[in-house]
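Values reported hereafter were calculated over all heavy atoms of this structure, with side chains retained and with hydrogens, waters and symmetry mates removed. Chain letters run A, B, ... following the sequence lines, proteins first, then strands; residues in each count from 1.
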Amino acid sequence: MPELPEVETVRAGLARQVLGRTVESVELRRDSAVRRHDGGPADFEARLTGRTLTAAVRRGKYTWLLLDDDPDRGVLLTHLGMSGQMLVQPPEPPPTPHTRARLALTGPGGDVLLDFVDQRTFGSLAVVPVAPTPDGAPGGQGSALPVVPVPVAHIARDLLDPHLDRAALEAAVRRRRTGIKRALLDQTLVSGVGNIYADEALWRARVHWASPTATLRRSRLVAVLDSAEEVMREALSAGGTSFDALYVNVNGQSGYFDRALAVYGQAGRPCRRCGAVVVREPFMNRSSYRCPQCQRAPRAARLVPPGGRVL
DNA sequence: AAGGCCACCTGCTTGC
DNA sequence: TGCAAGCAGGTGGCCT
């Protein structure tokens with residue numbers, strides 16, 4: 001669920017509410033929450049305790065917190081997975097069954113808890129080293145430092161990143177031999193887009209998910225990328241999308257963008273543009289939603305099927 | 001070696 | 001009623 005707009009909402013909340021505070025203690029309630037941390041749970045706690053959170057940075061769906069303004073001693077990398085939440089709250093409430101880690105923070109404005117809550121456990125926390133960005137530009141939104149966490153080095157810049165090279169992205173998509181939706185979801189090509197915003201972008205651009213990247217008309221490709229950027233900006237303005245309260249901001253509140261979704265989760269409902277009935281189709285062991293009228297395939301032989309092989 | 005598959009994980013919903 | 005299957009899906013690692 002958390003895609004770029006949801007993760008950015010969380011990043012901005014962290015930037016407002018925890019920066020300048022120091023980690024007084026770390027309570028790990030489930031070791032697998034730090035499975036991507038190299039030294040194990042004890043090392044994770046040791047490397048975090050006593051450090052001051054100085055910036056909140058995001059690229060795609062990854063967020064990291066700078067510690068003591070000194071990236072050379074590691075940064076706190078977070079990924080929300082499918083169901084992760086970062087909650088900032090007063091020190092009172094006991095942990096919930098899905099609280100995986102709890103950081104007690106102290107500093108200006110009083111003591112708070114930073115809880116990492118994650119029902120489906122695909123999210124993770126880790127203190128990791130950084131590497132310089134190849135282009136020398138800032139690593140992500142929220143800091144001017146030209147570094148990214150090493151586990152994020154293979155993640156491409158996202159569509160809201162002012163340093164994204166759109167011409168290079170279009171060329172890279174063009175070199176792929178796959179369907180356009182697969183390309184949109186490939187975080188090494190462009191980051192931040194997940195299943196929801198991929199479907200919404202393709203609907204806005206009137207493009208079928210299986211359209212081959214290599215032969216898609218340039219105007220169509222530009223429309224898809226522009227639509228993805230546009231729909232994510234709109235979702236961000238609405239505080240993100242939420243279906244079931246799994247996605248919330250740092251204060252536990254849901255966004256409103258689910259009311260604006262045109263096709264995702266709308267199977268059986270009329271397309272708001274043409275009235276045709278929105279369909280749900282199997283795609284990569286999950287689902288794709290589209291309008292069968294607005295997003296028609298040019299010809300069956302020109303589509304890349306869900307399995308990847310061209311017919 | 002680029003592209004595709006799938007395990008990982010939990011809880012809710014659906015169907016028999 | 002109870003159990004099983006289906007579904008949600010981002011990612012790393014592995015396979016071809």
As a test of reading the structure: which of dG10(C), dG12(C), dT10(B) is closest to the side chain of Lys61(A), going by heavy atoms? dG10(C)
Donor-acceptor side-chain pairing of Asp111(A) and Thr106(A) below 3.5 angstrom: yes
Out of dG4(B), dC9(B), dG10(C), which has the shortest distance to the side chain of Thr121(A)? dC9(B)
Check the side chains of Asp43(A) and His37(A) for a donor-acceptor pair under 3.5 angstrom, ignoring hydrogens and angles. yes
Map Gly179(A) and Ser32(A) onto DNA chain B by nearest heavy atom, then report which one ends up closer to the 5' terminus. Gly179(A)
For a quick check of understanding: with a heavy-atom distance under 4.0 Å over all strands, which category does Arg280(A) fall into, base, sugar-phosphate or nothing? sugar-phosphate
Asn195(A) CG to dT11(C) P, straight-line distance once rounded to whole Å: 12 Å
Below the 4.0 Å mark, does dG10(C) have OP1 or OP2 next to a side-chain nitrogen or oxygen of Tyr197(A)? no
Over how many whole Å does the gap from Gln187(A) atom CD to dG3(B) atom C1' extend? 16 Å
Would you please confirm or rule out a distance under 4.0 Å between OP1 or OP2 of dG4(B) and any side-chain N or O of Thr178(A)? yes
How long is the line joining CZ of Arg30(A) and P of dC8(B), in whole Å? 13 Å
Any base atoms under 4.0 Å from Ser287(A), or only sugar-phosphate, or nothing? Heavy atoms, all strands. sugar-phosphate
Short side-chain N/O contact from His154(A) to OP1 or OP2 of dG12(C), under 4.0 Å: yes
Mind calculating the distance between OH (Tyr62(A)) and P (dT11(C)) to the nearest angstrom? 6 Å
Any heavy-atom pair between the side chains of Leu160(A) and Arg233(A) that's under 4.5 Å? yes
Taking the side chain as every heavy atom from C-beta outward, state whether Thr22(A) and Arg51(A) have any atom pair closer than 4.5 Å. no
What is the distance from CZ of Arg286(A) to P of dG4(B), rounded to the nearest Å? 14 Å
Arg182(A) side chain near dG3(B) phosphate (N/O to OP1/OP2, under 4.0 Å): no
Whole-Å gap separating P (dA5(C)) and CG (Asn285(A)): 17 Å
Proximity to the side chain of His79(A) - top-ranked nucleotide from dG10(C), dT10(B), dG12(C): dG10(C)
How long is the line joining CZ of Arg175(A) and C1' of dG3(B), in whole Å? 15 Å
Name the closest nucleotide to the Arg176(A) side chain, picking from dT11(C), dT10(B), dG3(B). dG3(B)
Are Arg29(A) and Glu27(A) within salt-bridge range, i.e. N to O under 4.0 Å? yes
Let's test your reading of the model: under 3.5 Å, does the base of dG10(C) pair with the side chain of Arg120(A) as donor and acceptor? no
For atom CG of Asp186(A) and atom C1' of dA2(B), their distance in whole Å: 10 Å
